There are 2 protein chains.
Amino acid sequence: MKGYAYRSGEGEPSLQLPMWEALVTDAVGDVIEFWGFKRNHGRVWALLYVREEPMNSKELQEDLELSKGAVSMIVRDLEQWKVVQRVRKPGSSAWHFEAELDFMEMITRVLQEREGELIARVSEDLKDAENLARTSDVDEETLERIKRMRTLAGLMKQALDVFVKTAQLDVSQTRDLLG
Amino acid sequence: MKGYAYRSGEGEPSLQLPMWEALVTDAVGDVIEFWGFKRNHGRVWALLYVREEPMNSKELQEDLELSKGAVSMIVRDLEQWKVVQRVRKPGSSAWHFEAELDFMEMITRVLQEREGELIARVSEDLKDAENLARTSDVDEETLERIKRMRTLAGLMKQALDVFVKTAQLDVSQTRDLLG
DNA sequence: GCGAAAGTTCAAGAGGTTTTGAACACCTAA
DNA sequence: TTAGGTGTTCAAAACCTCTTGAACTTTCGC
């Protein structure tokens, strides 16, 4: 097994990531993508986390082979989500970024936000549908089926809330998990 | 509020969906999309569910404004996931489709499959990363951080399994929920 | 304040996924 | 067996999201 991530040709100053860092960042990228975030959000956070030492945009750009613009946008998102903090480093005029530890909390929080909006909208639409159907000459069983769908939406929300609670509980039980 | 879903021009035989059906199918489409399926999977299933009466490809195609090919592929998926059944209808040579009721079960099942593959792969990669890091001159704390990520992946799996159980339990408690 | 470096923005492009529809295959009924 | 309706496939098109990089703005050190 090679010790360095593959890169053909010899473009930049050859600052490629060691294989193990590539594996870690890609792993987190895959996980975060599963949850509907962007792969590179995960890669950036993961690199900051394993390195411990705050990194600047230039370093992130080179190590993860991202563009200037991409790094700027990604760290902005991560800051807003409070999983990355912007810090000054003595002797440098550039901002540096360091990983916060509440990554799991962020995933569940954002997930719950998205899900909340969705369920609110869907419930509203199903209510409207039910009312409209009632004013048309729709039989009782059909109305019943629409109602059942609303129940189902409610159950989905409940189940997802349980997921969020479980995730947060698990993490807090393993307090200092990532620290 | 209009009683019919909007459609400009006058293309097909004007077999547009009543507004309430459009609301229902779109609602289910949105939900299923949230879970990483295709919008039209949800729309097709939802229409079959509210209509109760089995429909053929042609009807699905016209009512939901899908192409012939799309309908073919979508019902194939839904059949494989066991949420739609193919039936014969007397007096017609075309296949008809009817909705099965275990929609929620299907979502959680597919979700758990996807998640299972993901976590297996990620855990494997993190293990490799740890081993590689160990053979390099990586300090103990860094190794510890990689280990903690593996733990985190495990917790995520646990939490998702709880979600799946909760969802299935909720539905079974409300047995005949959709029936 | 000035020049240089760092950071941001966004239109255009790349990349990936879904949908289309024409060609082909399959069935059914006669 | 055949004709016509039905069903499937898949390359191309449409669509949508993410990334790039040049232009621009802000910040820093002096």
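First the proteins, then the strands, lettered A, B, ... as listed; each starts at 1. These numbers were taken from a predicted model, which means no experiment stands behind them.
- Chain A approaches DNA chain D within less than 4.0 angstrom (heavy atoms of the protein), and the contacting nucleotides run 5' to 3' from D/dC18 to D/dC28.
- Residues A/Asn40 and A/Arg43 have side chains that bring a donor and an acceptor to within less than 3.5 angstrom of each other.
- The interatomic distance linking A/Lys58 (NZ) with C/dG7 (P) rounds to 11 Å, in whole Å.
- B/Ser136 places no side-chain N or O within 3.5 Å of a backbone atom of B/Val138 that could act as its donor or acceptor partner.
- In this structure, B/Arg88 has no salt bridge (charged side-chain N to carboxylate O under 4.0 Å, His left out) partners at least two apart in sequence or on a different chain.
- In the hydrophobic clustering, where aliphatic and aromatic side chains (Ile, Leu, Val, Met, Phe, Trp, Tyr) are joined below 4.5 Å either directly or transitively, B/Val162 groups with A/Val162.
- A donor-acceptor pair is defined here as one N or O able to donate and one able to accept, closer than 3.5 Å; no such pair exists between the side chain of A/Ser123 and the backbone of A/Ala120.
- Contacts between residues 27-41 of chain A and DNA chain D, defined by a heavy-atom separation under 4.0 Å, are made by A/Lys38, A/Asn40.
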Could you go through residues 67-75 of chain A and list every donor-acceptor pair under 3.5 Å that involves a side-chain atom there, pairing it with any protein atom two or more places apart or in another chain?
| unit_1 | atom_1 | unit_2 | atom_2 | d |
| --- | --- | --- | --- | --- |
| A/Ser67 | OG | A/Ala70 | N | 3.1 |

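- The pair A/Lys82-A/Glu100 does not meet the salt-bridge criterion, since no charged nitrogen lies less than 4.0 angstrom from a carboxylate oxygen.
- Ring geometry for A/Trp45 versus A/Phe103: interplanar angle under 30°, hence parallel rather than tilted (30 to 60°).
- The CD atom of A/Glu62 sits 11 Å away from the P atom of C/dA6 (whole-angstrom rounding).
- Within a heavy-atom distance below 4.0 Å of DNA chain C, the residues of residues 68-88 of chain B found are B/Gly69, B/Ala70, B/Met73, B/Arg88.
- The distance from atom CG of B/Asp170 to atom OG1 of A/Thr151, rounded to the nearest 0.5 Å, is 11.5 Å.
- One interatomic measurement links the two molecules: CG of A/Asn56 to C1' of C/dT8, which rounds to 16 Å at whole-angstrom precision.
- Here the side chain of A/Arg39 pairs no donor or acceptor atom with the backbone of A/Glu33 at under 3.5 angstrom.
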